[in-house]
Q: 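This is the structure I want to talk about, given as structure tokens.
Positions are given from 1, in the same order as the sequence printed here.
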Amino acid sequence: MEELKNQAEAEVEAIHLWATPRSLSTSLMYSFAHVPSSLFNIIFWLLKGLVWDCFYSFAHRDDTEVLDEPLYATFLQVTGSDRPYREEVLSKMEPDGNKVVRDIIYRPGRKKYRLCKHIAKQRVPELPSDFMKEGKHFLLIRNPLDILASFDKVVPPSLAELGLAEMVTIYSEPSQLGQPPPIVDAAELQLDPEATLSGLCEDLDIPFQPTMLNLAFLFMKSFQRNFLLRWEAGPKAIDAVWAPWWYETAHKSTGFQPPTKYPVPFPMSLYDVLEQSLPFYNFLRRHVRQTSSLLKSPLPEPDLPVPENKKLLAWVGDQIVPRESAKVSVFNSVVQGGDSVWEGLRV
């Protein structure tokens with residue numbers, strides 16, 4: 001620690017994590033920042049499926065400092081959004097977006113990297129026009145089916161509050177410049193955190209550090225690796241002022257939890273928001289770096305004699321859709337009860 005204090009400040013490379021609420025981002029943030037409390041739990045990280053969970057994992061790197069939503073006050077001031085902690089955030093954080101970018105996100109530092117966790121809706125028009133062209137960016141997504149059930153504990157859920165439409169925009173802008181940002185699905189992190197994090201570091205062109213994974217023990221069972229990933233429960237020094245409202249689940253956790261086998265019933269009052277959100281999530285999921293079998297099709301990629309056909313559009317019913325979405329509904333009678341076979345035989 002004394003050695004770090006004596007280091008001269010220098011230019012820092014910013015890494016921007018863009019996420020939706022409740023998508024594991026806090027745990028990933030923690031894994032990138034070096035916040036040791038004992039030699040044992042320095043070693044690895046947690047990630048359990050909420051935006052803040054992803055943040056924790058970055059907090060365990062010795063070459064990275066982290067910023068927890070530095071644009072939050074800017075978002076509150078520009079949009080006028082109401083939050084129970086609104087006044088406290090505005091009094092303790094800089095609301096001027098240009099000053100945040102210049103004096104906080106890109107200020108000199110003593111570590112090589114600075115991870116900045118952002119919620120997608122915090123990217124407001126008042127930010128510098130070249131903000132997305134600076135630093136490195138990656139996206140963390142989560143199925144809205146898993147987000148919405150617990151989202152309304154602080155604010156009523158809506159398409160705008162989830163920010164999935166803005167996530168598509170955040171992905172599209174650098175993609176148009178030929179630099180599509182990596183996308184990580186929270187389900188992949190839960191299923192295989194080591195492969196997912198090491199793949200992410202490769203995409204970001206930064207070295208992977210095992211300290212991002214708080215490895216309590218590793219054992220072999222049925223030829224599969226099973227990890228118990230741990231850290232101490234409770235608040236962290238890098239938490240922001242809104243942590244008591246949003247980080248309750250993350251603070252109770254002490255390690256990775258596997259995906260719930262039997263999820264809680266989805267509240268049908270949120271069906272409309274789910275229906276609006278899924279197309280954006282599905283679009284982003286098609287661009288996820290696939291590190292495990294979770295998101296991979298069991299079928300091999302088809303051989304395309306004409307490579308250009310990979311990006312064709314097709315009419316299905318009364319819609320024109322991209323190749324990946326050219327499918328027939330399971331509710332179509334053609335695929336039910338052998339109707340198509342019967343019709344073929346009759347002819």
Q: Please state whether the rings of Phe283 and Tyr171 are parallel, tilted or perpendicular, taking 30° and 60° as the class boundaries.
A: perpendicular
Q: Taking the inter-plane angle between the rings of Tyr106 and Phe131 on a 0 to 90° scale, is it parallel (under 30°), tilted (30 to 60°) or perpendicular (over 60°)?
A: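 Judged by the thresholds at 30° and 60°, the geometry between Tyr106 and Phe131 is perpendicular.
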Q: Quick one: OG on Ser172 to NE2 on His287, what's the gap to the nearest 0.5 Å?
A: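 Result: 8.0 Å between the selected atoms.
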Q: Pick one: which of Leu274, Leu162, Leu145, Asp185 meets side chain to side chain contact (heavy atoms under 4.5 Å, CB included) with Tyr281?
A: Asp185
Q: Show your reasoning for whether side-chain contact (heavy atoms from CB on, under 4.5 Å) applies to Thr64 and Gln209.
A: CA-CA 11 Å; Thr64 305; Gln209 291 190 1; over 6 Å; no
Q: Do Glu69 and Phe75 have side chains that approach each other closer than 4.5 Å (heavy atoms only, starting at C-beta)?
A: no
Q: Is it the case that the side chain of Arg142 and the backbone of Ile147 share a donor-acceptor pair, with hydrogens and angles ignored and the cut-off at 3.5 Å?
A: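 Not at all, since once roles are kept as given, no pair shorter than 3.5 Å links the two residues.
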Q: Can you find a pair of side-chain heavy atoms, one from Pro322 and one from Leu313, that are under 4.5 Å apart?
A: yes
Q: State, to 0.1 Å, how close Pro174 and Ile170 come at their nearest heavy-atom pair, and which atoms those are.
A: CD-O, 2.9 Å
Q: Which pair of heavy atoms, one from Met167 and one from Leu140, lies closest together, and at what distance?
A: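 Heavy atoms of Met167 and Leu140 come nearest at CE-O, 3.3 Å.
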Q: Under 3.5 Å, side chain of Lys121 to main-chain N/O of Gly163, donor-acceptor pair present?
A: no
Q: I'd like to know if the side chain of Glu65 and the backbone of Lys111 have a donor-acceptor N/O pair within less than 3.5 Å.
A: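 No.
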Q: Taking the side chain as every heavy atom from C-beta outward, state whether Arg114 and Arg107 have any pair of such atoms under 4.5 Å apart.
A: yes
Q: Drop me the distance from Leu139's CG to Ile183's CD1, to the nearest 0.5 angstrom.
A: 5.5 Å
Q: Hey, what do you get for OG1 (Thr74) to NE2 (His118), rounding to the nearest 0.5 Å?
A: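 Interatomic distance, Thr74 OG1 to His118 NE2, rounded to 0.5 Å: 10.5 Å.
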Q: Tell me, yes or no, whether the heavy-atom count around Asp205 atom CG, taken from other residues, nucleotides or ligands under 6.0 Å, exceeds 12.
A: no
Q: Which pair of non-hydrogen atoms, one from Ala14 and one from His16, has the smallest distance, and what is that distance?
A: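 In terms of heavy atoms, the two residues are closest at CB-NE2, 3.8 Å.
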Q: Within this structure, what is the CD1-CG distance for the pair Ile141 and Leu284, rounded to the nearest 0.5 Å?
A: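 It is 5.5 Å, given to the nearest 0.5 Å.
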Q: Would you please name every residue forming a ring pair (Phe, Tyr, Trp, His ring centres under 6.0 Å) with Phe280, sequence neighbours left out?
A: none
Q: Is there a donor-acceptor contact under 3.5 Å from the side chain of Ser198 to the main chain of Phe208?
A: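 Not a single qualifying donor-acceptor pair exists.
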Q: Is there a side-chain contact between Asp103 and Glu94 (heavy atoms, below 4.5 Å)?
A: no
Q: Given side chains that start at C-beta, do those of Leu278 and Pro144 come closer than 4.5 Å, heavy atoms only?
A: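 Answer yes - side chains close enough.
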Q: Can you find a pair of side-chain heavy atoms, one from Leu200 and one from Ile206, that are under 4.5 Å apart?
A: no
Q: Is a salt bridge present between Arg102 and Glu134, judged by a nitrogen-to-oxygen distance below 4.0 Å?
A: no
Q: Measuring only between side-chain heavy atoms, which start at C-beta, is Asp272 closer than 4.5 Å to Gln276?
A: yes
Q: Decide whether Val12 and Ile15 are clustered together by the hydrophobic rule: side chain heavy atoms of Ile, Leu, Val, Met, Phe, Trp, Tyr closer than 4.5 Å, transitively.
A: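 Per the 4.5 Å side-chain linkage, Val12 and Ile15 are not co-clustered.
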Q: Are Arg123 and Met132 close enough that some pair of their side-chain heavy atoms sits under 4.5 Å apart?
A: yes
Q: To the nearest 0.5 Å, how far apart are CD in Gln77 and CG in Asp96?
A: 8.0 Å
Q: Are Phe266 and Val273 linked, directly or through other ILVMFWY residues, by side chains that come within less than 4.5 angstrom of each other?
A: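 Hydrophobic grouping puts Phe266 with Val273.
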Q: At what distance, to the nearest 0.5 angstrom, does CZ of Arg83 lie from CD of Glu88?
A: 14.5 Å
Q: Minimum heavy-atom separation for Val100 and Pro70, please, with both atom names.
A: CG1-O, 3.5 Å
Q: So, for Leu270 and Pro157, which heavy atoms are closest and what is the spacing to 0.1 Å?
A: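 Between these two residues, the closest heavy atoms are CD2-CG, 3.4 Å.
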Q: Taking only Lys NZ, Arg NE, NH1 and NH2, and the carboxylate oxygens of Asp or Glu, determine whether Lys112 and Glu13 approach each other closer than 4.0 Å.
A: no
Q: What heavy-atom pair brings Arg86 and Leu76 nearest, and what distance separates the two atoms?
A: NH1-O, 2.8 Å
